[in-house]
Amino acid sequence: MPHAATLRQLRKRPLGRYRYVRLRWRVLFAAIDLLGTLAMLALRPVHAILLRRPNEPRPEPRNILVIQLDHLGDAVISAVLFRALRRQYPAASIEVLAAPWNREVFELIPQVDQVHVCRVNRFSRERRFGWLAATVWWGLTLRRRKIDLGIDVRGEFAHALILWLCGARQRLGWASGGGGFLLTHSPRYVARRPEVLSRWALLAEIGIRPELDAEWQPVLEAPRLARSAVAERLAPFAGTRGPLVVVHVGAGTQAKRWPAEHWRTFINWLVQSSQAVVVLVGNAADRIIAAPIRPPHNSRRDEGTVVDMVGRLSVAELAAVLEQADLFIGGDSGPAHLAAATGTPAVVLFSGTNRVRQWRPGGRDVRVLRRSTECSPCHRHECPLPDHPCMRGLSPQHVIDTVEPMFAELESLVSEYGTHR
């Protein structure tokens, strides 16, 4: 149908300055921005009063706030910001306004001095409209922090409003999410650009660029306590012949999940053919997804073992497990980005939801598997097609064919050096 084809094209190619997929959101925020710009012009004297010390010169920010209220993987990508910010402003206090589900990522970053947790926001699954009041509350509450530089890495109207209400002298973000009239610095939004490059584009707007090749991608390390806790849990499997493989069977949405029967087939191959120690990971919500996949108890089959740690690890402990792993396998989700940031070789099973170039994890050894479909990228949370072709069509044998050569390479390293990673 021509009408359906047109709608698909609109989804695939955001129009104008806005990043929203759906046309109604682009129209809504275009209207908000127009009215907001006119209101700012009319209320410029009031605006000057709301902003603290508007004419007081300050050559360098003393207090920096980064807002990141969305997903775990996005937070991992944003880790590239903080080393550069600390290098540019060594005396500044760097703070983050985070969500409950991503706060631990920022607690792993040594350059972050304080993490504020916004428990009610637009990405919360509960109290869906409470974020409107929470936005105003956080904006006014953070005024006492006397923020000089505020950064919204996502491009959200609510985040831009927080930066404006808190009185940040410089407000850096994307106008592509609406609220550009509330910002002082906003680079041009480039659709489909890799997200890590978009982070650097934000910093470039205020004159900060990476100095080393290693700074282009996020790097995270687990703290010592997490490493000790994980070493104790993995002690019973030390010295096993097979590789240690971390498997994340969940994903943020149904559209990104590999079918349970595919996971069962693949995990059986891991433990029976490769004698792997397979560690299942995920958050508490992933327990339901993992239930039909994991074997009863922590069963041993032949020489392989499946260890169920779903919902039992903090983000720091997950990072420690990944540091010990020979391989990570999972969907397009936060743990995949965390694996890449810890330097773990990763095989990422991408659905047709997002663009690979924009959202693939960055790392020294990341391989993306994907089955192309005409409906991609669909940007949907649930696949409307009964056969879910992009994920069901990605067969276990396809993944096995990718992983087998990686295990062969690993075996050669074990033969040469006598150990895994």
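Atom set for the values below is all heavy atoms of this structure, side chains included, hydrogens, waters and symmetry mates excluded. Remember, predicted model here, so these are calculated numbers, not experimental data.
Donor-acceptor pairing under 3.5 Å is recorded for the side chains of Ser78 and Gln68. Inspection of the Arg145 and Gln114 side chains reveals an N or O donor paired with an N or O acceptor under 3.5 Å. For His379 and Thr353, the side-chain atoms include no donor-acceptor pair closer than 3.5 Å. In this model, no donor atom of one side chain and acceptor atom of the other lie less than 3.5 Å apart for His337 and Asp74. In summary, the side chains of Gln397 and Asp401 do present a donor paired with an acceptor at a separation below 3.5 Å, with no hydrogens or angles considered.
Checking side-chain atoms of Gln254 against main-chain N and O of Cys383 turns up a donor-acceptor pair under 3.5 Å.
Nearest heavy-atom pair across Phe350 and Val356 is CD2-CG2, 3.7 Å. Pairing each heavy atom of Thr344 with each of Leu322, the nearest pair is OG1-O, 2.6 Å. Nearest approach of Leu338 to Leu220, heavy atoms of both residues: CD1-CD1, 3.7 Å. For the pair Arg233 and Met309, the tightest heavy-atom approach, listed with the atom from each and the gap, is CB-CE, 3.9 Å. In this structure, Ser198 and Trp174 approach most closely via the heavy-atom pair O-CZ2, 3.1 Å. Here the closest heavy-atom approach between residue Arg370 and residue Ser376 is recorded as NH2-OG, 2.6 Å.
In this structure, Asp365 pairs ionically with Arg367, as a charged nitrogen and a carboxylate oxygen lie closer than 4.0 Å.
Relative orientation of the Trp263 and Trp258 rings is perpendicular, given thresholds of 30° and 60° on the angle between their planes. Classified by interplanar angle (parallel below 30°, tilted 30° to 60°, perpendicular above 60°), the ring pair Phe123/His159 is tilted.
The side chain to side chain contact (heavy atoms under 4.5 Å, CB included) with Val245 is formed by just one residue from the set Val271, Asp326, Ile329, Val279; it is Ile329.
Within a 6.0 Å sphere centred on CD1 of Ile288, other residues, nucleotides and ligands contribute 12 heavy atoms or fewer.
The side chain to side chain contact (heavy atoms under 4.5 Å, CB included) check on Leu35 picks up nothing, with sequence neighbours excluded.
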